[in-house]
Amino acid sequence: MPDPQHLLAARVQAALAAAFGPSYADADPVIRPSSFADLQANVALPLAKKLDRKPRDVAEEIVANLDTAGVVSDVQVSGPGFINLTLSDGWIAAEAQQILHDDRLGVPPADKPQKVVVEYSSPNVAKEMHVGHLRTTIVGDAIARILAFLGHDVVRDNHVGDWGTPFGMLIEHLLDLGEDAAARGDSSVSDLTAFYQAARQKFDGDEAFADRSRSRVVALQAGDPETLRLWNVLVDVSKRYFNAVYGQLGVTLTDDDIKGESFYNDLLAQTVRELEDKGIAVISDGALCAFPAGFTGREGEPLPVIIRKSDGGYNYSTTDLATIRYRVDTEHVDRMIYVVGTTQALHFQMVFAVAREAGWLSGDVQAEHAQIGSVLGTDGKLLRTRAGRTVKLSELLDEAVERAGAAFDDVQHDASFDAADRVAIVRDVGMGAVKYADLSVARDSEYTFDFDRMISFHGKTGPYLQYATARIRSIFRKGGVAPQDAAGPIVLGHPAERALALELLRFGTVVQQAGDTAEPHRLANYVFAVADAYTTFHENCPVLKAPDEETKASRLALCAATLRTLVTGLDLLGVPTPERM
Ligand code: ARG
């Protein structure tokens, strides 16, 4: 099922080869959307320069050689030499008909399936998840879903921060409170921010406690069984909390996907030794450092990646290097995608550079940092609570659902809902609003968290898209037809029908691009374009009251293909679609 843009590109290339010789068979035909036709080919302009001829003449010659059969209904040369191309209604209808009967809605499975690690969420044990983790969780989950749909072998990987020096003081604080406090779910332990801060305060103010904490770190790193058991108690409290948030959000991460920093602990010493043996890591100011080529500071001095601190301890970078080595050597991955904040961009560039110098990352393994921009409040500053604290994720999500409830009660519904229906729908609307708002912005740009804008049934929002699917479903209910029974044939009359069908043909290309670039916003924008085309269709083309049976069958088929495209697209984004709203 060819994307119209790809098909026309191939046809124009064939015309170029026929007119100017075989060397032009791969030339970029410069196909762009057109405001006068469906698409335009702009290749005549650069080509004319090269051939030293008039662009219009070159355009005419391309057109004379263009095979339009079955696809193009009209070709015009306009302006300085643009070639305007109009697709034939028959071709669009036939392609849309194929989509209707295709389980994959025109999304081709990857020709080279890869093993892809998608590392996302990655919160820290014994700390609240913050709003930055919200974005990495939502975007990462969408990337994982998209790549899996494309047929890749996706390994979801939650690289939680569960290791390091703070665990000494955290374990000692747990002992002071009594382990049973954790078992009881006492808030002194389960309120992670308070727990962490209390431990920190004692560490800073109480010498004896600080000493105990330091020996505890040594015991932890030495693998002392009792210390490991206590550490596990803390990890479990946090896991319960992470899972509550994941459940609330409807993300696909489970405990099995957790491979925290601690997992790589046993590999750190070897990793470091190998870097030393290869002469990549050298002692500098007492610490063991790598200086990857091309990274310099303000004064031109080489920048270090610290691999072993002067106190002998390993750190965040050491773990990331061991992780790459493990993923390549043991997991045999083809691609690793790190869904992490933009603030860590330099860290990843440097770690990847060291891994390349060490030969752990070679040309056929892709490592990429899928950067996530910061989340701002409506005041344009980093999102904070009114009291100036970082916002707790669980509270933020609860508020989203509460506000979704108020918005939901404000709109007219054509069905009645009992209390349980309402709770389920409102939860989906709240989560859909938060997730779609996040996903519709390019992941590496900053994004303003604004409840009022995201929880609206109008505009480019999750609730608007969910509502569009519910509206289509209600047509089928009223018509007494199941969407899967709508068989067409699709015939195109009204321009709104044509525009909708044409939009549906792009799904395959969009999903592919979103997967290749790890940019779910491409899909988020596309789903909105489909819903928009549907809205125009809905306003202009009566379905159940269509003028004749043939038109009704065609419109029902368009509705069915639209519904599946929207539901599938939203599902790949992790946005739920309630059956009724
Ligand atoms: N735990 C880290 C944080 O909360 C994110 C981990 C990112 N992943 C990595 N491989 N370094 O900032």
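Start at 1 and go down the list; that is how both ligands and their atoms are numbered. Computed from a predicted structure; not experimentally measured.
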Give the residue, atom name and distance (to 0.1 Å) of the protein heavy atom nearest [atom].
| atom | answer |
| --- | --- |
| atom 4 (O) of ligand 1 | His133 NE2, 2.9 Å |
| atom 1 (N) of ligand 1 | Asn124 OD1, 2.8 Å |
| atom 2 (C) of ligand 1 | Ser122 O, 3.6 Å |
| atom 7 (C) of ligand 1 | Tyr316 OH, 3.3 Å |

Take His347 and Tyr316 through the test ring pair (Phe, Tyr, Trp, His ring centres under 6.0 Å) and record every step on the way to the result. CA-CA 10 Å; His347 164 76; Tyr316 191 58; 4.8 Å; yes
Which atoms from ligand 1 have a heavy atom of [X] less than 4.0 Å away?
| X | value |
| --- | --- |
| Gln344 | 12 (O) |
| Tyr338 | 10 (N) |
| His159 | 8 (N), 9 (C), 10 (N) |
| Glu119 | 7 (C), 8 (N), 9 (C), 10 (N) |

Is it true that Arg145 and Thr252 share a donor-acceptor pair across their side chains at a distance under 3.5 Å? no
- Query: Will you find, in the side chains of Asn315 and Thr318, an N or O donor that is under 3.5 Å from an N or O acceptor?
  - Reply: yes
Residues Glu119, Arg335: salt bridge by 4.0 Å N-O rule: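 Judged by the 4.0 Å cut-off on N to carboxylate O distance, Glu119 and Arg335 do not form a salt bridge.
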Considering only NZ, NE, NH1 and NH2 on the basic side and carboxylate oxygens on the acidic side, decide whether Arg214 and Asp211 come within less than 4.0 Å.
-> yes
Q.
If we ignore hydrogens and angles and just use 3.5 Å, is the side chain of Arg156 paired with the main-chain N or O of Ile258 as donor and acceptor?
A.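 Looks like no, no N/O pair under 3.5 Å.
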For ligand 1, note which part of [X] has a heavy atom under 4.0 Å away: side chain, backbone, both or neither.
| X | value |
| --- | --- |
| Phe348 | side chain |
| Asp320 | side chain |
| Val160 | neither |

Check: Is the shortest heavy-atom distance from the side chain of Asp224 to the side chain of Leu220 under 4.5 Å?
Finding: no
Could you check whether Phe195 and His173 have their ring centres less than 6.0 Å apart?
yes
